[in-house]
Each structure stands twice: as C-alpha cells, then as structure tokens.
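Following: one structure in structure tokens, then a few remarks.
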Amino acid sequence: MTAPTPDTTEAAVLRIWAGLGLPATSVDDDFFVLGGQSLTLVAFLARVQETMGVEVPVDALFETDLTVAAAARAITQAQLDGLEPDELAAVMAELDGMSDAQIAALLAQAE
C-alpha cells in the first residue's frame with residue numbers, strides 16, 4: 001500500500017520540517033519522534049508565519065499528536081479563522097457554483 005500524496009499544506013509542512021532538519025517522509029510522521037523540540041517548534045511556527053502568512057496558536061499543535069497532517073490541519077484552521085465572514089461566504093459561494101470536475105481541477109492546480 002502506498003502512502004497518499006500530501007495535499008498542498010501538508011507538502012509545505014514537509015518542506016518546512018526538512019528545512020529544520022526533521023526528515024519527515026509521510027504525513028503521519030511525528031514532530032517529536034523525528035527529533036523536534038521546543039526551539040524547533042518555535043522555528044517551525046515562525047516559518048509558517050513567514051511563508052504562509054498565518055499565525056498558528058501553539059496550543060492548536062498539541063490537541064493531538066504533532067504529525068505533518070495535524071500541523072497542516074492547524075494551519076488550515078488558522079487560515080480559515082483569519083477570514084472575515086464575508087470573505088468566507090464569498091469563497092463558499094464560489095465553490096457552490098462549481099462542478100466536482102472544476103473543483104478537482106482547481107485542487108490539482110494548487111498541488
């Protein structure tokens with residue numbers, strides 16, 4: 001069985017972790033098992049803010065095991081939390097007007 005292809009945010013987390021010396025190869029790899037520690041976590045959060053423009057609350061990373069997938073979900077949630085209600089409504093309205101094929105093509109473009 002092959003591992004699923006990481007989505008765009010998961011791929012970004014994998015790149016950031018690699019830049020921090022954490023050799024993650026799967027979305028299920030755990031930050032602390034790979035050798036991450038508190039200073040590495042601070043560096044990770046700083047890089048997320050720098051490269052993705054979002055501030056992730058540190059406590060959001062400790063709700064479950066700190067895997068690549070969990071970090072990506074926390075980043076996505078922080079991005080959604082940062083949207084104004086009218087911005088979110090506009091995005092949702094745009095998605096509602098798209099076919100499944102159009103959404104799939106849009107997601108493929110983002111990867």
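Index from 1, following the sequence. Source: prediction; values computed, not measured. Computed over heavy atoms, backbone and side chain alike; hydrogens, waters and symmetry mates excluded.
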ask   = Run the side-chain contact (heavy atoms from CB on, under 4.5 Å) check on Thr40 and Phe32 step by step: do they pass?
value = CA-CA 10 Å; Thr40 316; Phe32 296 107; over 6 Å; no
What closest approach, in Å, do [X] and [Y] show between heavy atoms, and which atom pair accounts for it?
X: Thr64; Y: Ala70; answer: OG1-CB, 3.7 Å
X: Ala43; Y: Leu20; answer: CB-CD2, 3.7 Å
X: Thr67; Y: Trp17; answer: C-CH2, 3.7 Å
X: Leu22; Y: Leu34; answer: CD2-O, 3.6 Å
X: Ala60; Y: Val56; answer: CB-CG1, 4.5 Å
X: Gln102; Y: Ser99; answer: OE1-N, 2.7 Å

ask   = Do other residues, nucleotides or ligands put more than 12 heavy atoms under 6.0 Å from the CG atom of Asp59?
value =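 Yes, the 6.0 Å shell around CG holds more than 12 heavy atoms from other groups.
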How long is the gap from [atom1] on [X] to [atom2] on [Y], to the nearest 0.5 Å?
X: Leu66; Y: Leu41; atom1: CG; atom2: CG; result: 6.5 Å
X: Gln79; Y: Met52; atom1: CD; atom2: CE; result: 5.0 Å
X: Asp29; Y: Asp65; atom1: CG; atom2: CG; result: 12.0 Å
X: Arg15; Y: Glu10; atom1: CZ; atom2: CD; result: 11.5 Å

ask   = Step by step, would you call Asp28 with Val68 a side-chain contact (heavy atoms from CB on, under 4.5 Å)?
value = CA-CA 6 Å; Asp28 297 320; Val68 170; over 6 Å; no
task = Walk me through it: do Val58 and Val42 pass the test side-chain contact (heavy atoms from CB on, under 4.5 Å)?
result = CA-CA 9 Å; Val58 71; Val42 171; over 6 Å; no
key: side-chain contact (heavy atoms from CB on, under 4.5 Å) between Val13 and Ile75, worked out   = CA-CA 9 Å; Val13 171; Ile75 291 167; 3.7 Å; yes
query = Using the ring of each side chain (for Trp, its six-membered ring), is Phe31 parallel, tilted or perpendicular to Phe44, with breaks at 30° and 60°?
reply =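 If you compare the ring of Phe31 with that of Phe44, the planes turn out tilted.
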